[in-house]
2 protein chains.
Amino acid sequence: MSLPKYYEQKLRILEIIGETSPGTMIPTERELAERFDTSRTTIRKAIAELVVEGRLARTQGRGTFVADPKKIHVRQMTSFSEDMTGYKTDSIVLGLERIEAGGEMAARLDVPVDSTVTRLRRLRRQDGEPLAIEAAHLPGPFPGLEIELEARGSLYETLREVYGIDISAAEDHVETALAAADDAETLGVDTGHPLLQVHRTAWDQHGRAAEWMRGLYRGDRFRFVARISR
Amino acid sequence: MSLPKYYEQKLRILEIIGETSPGTMIPTERELAERFDTSRTTIRKAIAELVVEGRLARTQGRGTFVADPKKIHVRQMTSFSEDMTGYKTDSIVLGLERIEAGGEMAARLDVPVDSTVTRLRRLRRQDGEPLAIEAAHLPGPFPGLEIELEARGSLYETLREVYGIDISAAEDHVETALAAADDAETLGVDTGHPLLQVHRTAWDQHGRAAEWMRGLYRGDRFRFVARISR
DNA sequence: ACATCATATTGGTCTATGCCAATTTTAAGC
DNA sequence: GCTTAAAATTGGCATAGACCAATATGATGT
């Protein structure tokens, strides 16, 4: 019947959050521990969950602050760039290479094993803050993709205008995942931070596999939206 | 550059997992702590993440065991029951009441405030293990729903056959959430366990809002799948 | 053999503490 | 005033340990 002690503290801290507005600093961990007559460890566990839920943000040496829990929508079939209007968003190309398709990749893109696959890794940001990592895999060499993509920004737009590939169907698989050490570093979150992991297979106007994508989105900042009708 | 210490232990435990098969017991926390020359606290943090990822399962007094990380797919527009073929699944009705629509509910279902809304809360299980909580809200009293639903099992089938409501469009919003104390208890997971939270608005053949649903799915056991074409 | 009860084992929770790292604040020097 | 350096503050990370709760084990008695 009784709640875990850390959870009680979480509820009490939520009250503090409710009384203030985003940007306000809450009391220090040591002060909260003393005020609520508990250990700093327990307070930190409570705060950790509130950070994961996007209600708090903390910085070493500065303090812990009330955050704005708004979420960005990622829609099916619309690229990231189309969906983040109204924000100062940008996209950093982390890498664009041609690799040889392994067994799994070959199956996903329906190409022979060892054939050339183009891999594009991008970091998505909003107001300079990293929010998502997307790794797209395309069947073939796609010569000149670097330059064409640079000019347009949107991958799907580039595929359509330059390579005649019109993405017309897609299947997304959405699940939770915990940030691995390297992804956590790139995204600026703690190792183990919950993420939305999206795997997408997309097909062109002829029904051929055109893209296989893996996206990692900060769980506290994103919501995946899918609409369907028949 | 260096990895967090608990994360190193996580990788080492993953090696142990890789060498065995589901059901095998791994060494106790105290033994792992001694073997890896670290504290039990650090080992527990590593194990906690592996539990969240579905790689381990632990029981007080028994031990920690290698788990089978398979995930169940939840598809858009198909009910839970249609999707879990091959498993011994069942559904427990936690509650079926008629309530008055509040402001938010009224807006979501496009009905007047204070009008009657039917709320159906169900617990979804597989082989007796609770896996998901779904709360559906329907606009209107839906007399006899208890009996009709009992006979058919599937809500969408009941709506179609008995009430002439054919769900023909839906929008799902998928995000991560941490299990609150009561939901954690119902699902048999720890408080704070990552979940997939799905909000669905569904419309009938005339474009009228027919359902508003909130689902909580264990993040370690589910994957949301959405397919679209144009 | 079987059931019962005490004991040991194992995970669950919380505490107290130490030290490090990033940042802010204060003091010192010019 | 301004810059620079030292000190204090605050979160980050890991440790050791105490005690509890659930389960498994082994001893005991019949």
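In what follows, every chain begins at residue 1, and chains take the letters A, B, ... in the order their sequences are listed.
Ionic pairing of A:Arg200 and A:Glu211 is not present here: no N-O contact between side-chain nitrogen and carboxylate oxygen is shorter than 4.0 angstrom. The existence of a salt bridge linking B:Glu49 and B:Lys10 is confirmed by a sub-4.0 Å separation between a basic side-chain nitrogen and an acidic carboxylate oxygen. Ion pairing between A:Arg122 and A:Glu150 fails under the 4.0 Å rule for side-chain N and carboxylate O.
For A:Gly61 and A:Pro4, each mapped to the nucleotide of DNA chain C holding its nearest heavy atom, the one lying further toward the 5' end belongs to A:Pro4. Along DNA chain C, the nucleotide nearest B:Thr59 and the nucleotide nearest A:Asp37 are compared for position; the residue whose nucleotide lies closer to the 5' end is B:Thr59.
Judged by distance alone, with hydrogens and angles left aside, A:Arg44 brings no side-chain donor or acceptor close enough to the base of D:dG11 to form a pair under 3.5 Å. For A:Arg58 and D:dG12, a side-chain-to-base donor-acceptor distance below 3.5 Å is absent, hydrogens and geometry of angles not being considered.
In this structure, the CG atom of A:Leu56 is 13 Å from the C1' atom of D:dG11, given to the nearest Å. Summarising the geometry, the separation between CZ on B:Arg62 and P on C:dG12 is reported as 12 Å, rounded to the nearest angstrom. Separating the NZ atom of A:Lys10 from the P atom of C:dC14 is a distance of 14 Å, rounded to the nearest angstrom. Here the C1' atom of nucleotide C:dC19 and the CD atom of A:Gln60 are 12 Å apart, to the nearest Å. Computed from coordinates, the B:Gln9 CD to D:dC13 C1' distance equals 13 Å when rounded to whole Å. Atom CD in A:Glu31 sits roughly 14 Å away from atom C1' in D:dG11 (whole-Å rounding). Counting to the nearest Å, the P atom of C:dG12 and the NZ atom of A:Lys5 are 20 Å from each other. In this structure, A:Ile13 atom CD1 and D:dG11 atom C1' are separated by 14 Å, rounded to whole Å.
Within the 4.0 Å cut-off from OP1 or OP2 of C:dT13, not a single side-chain nitrogen or oxygen of A:Lys45 is found. The side chain of B:Thr64 contributes an N or O atom lying less than 4.0 Å from OP1 or OP2 of C:dG11. The side chain of B:Thr38 places an N or O atom within less than 4.0 Å of a non-bridging phosphate oxygen (OP1 or OP2) of D:dT15.
The side chain of A:Glu29 has D:dG12 as its nearest neighbour among D:dT15, C:dC14, D:dG12. Taking only side-chain atoms of B:Arg40, from C-beta outward, the nucleotide of C:dG12, D:dT10, C:dG18 with the closest atom is C:dG12. Distances from the side chain of B:Arg30 to the nucleotides D:dT15, C:dG11, C:dA22 place C:dG11 closest.
Residue A:Thr41 is classed as a base contact, given a heavy-atom separation below 4.0 Å to a base.
Ring pair B:His173/A:His73 is perpendicular by interplanar angle, where above 60° counts as perpendicular and below 30° as parallel.
A side-chain N or O of B:Arg214 and one of B:Gln197 form a donor-acceptor pair less than 3.5 Å apart.
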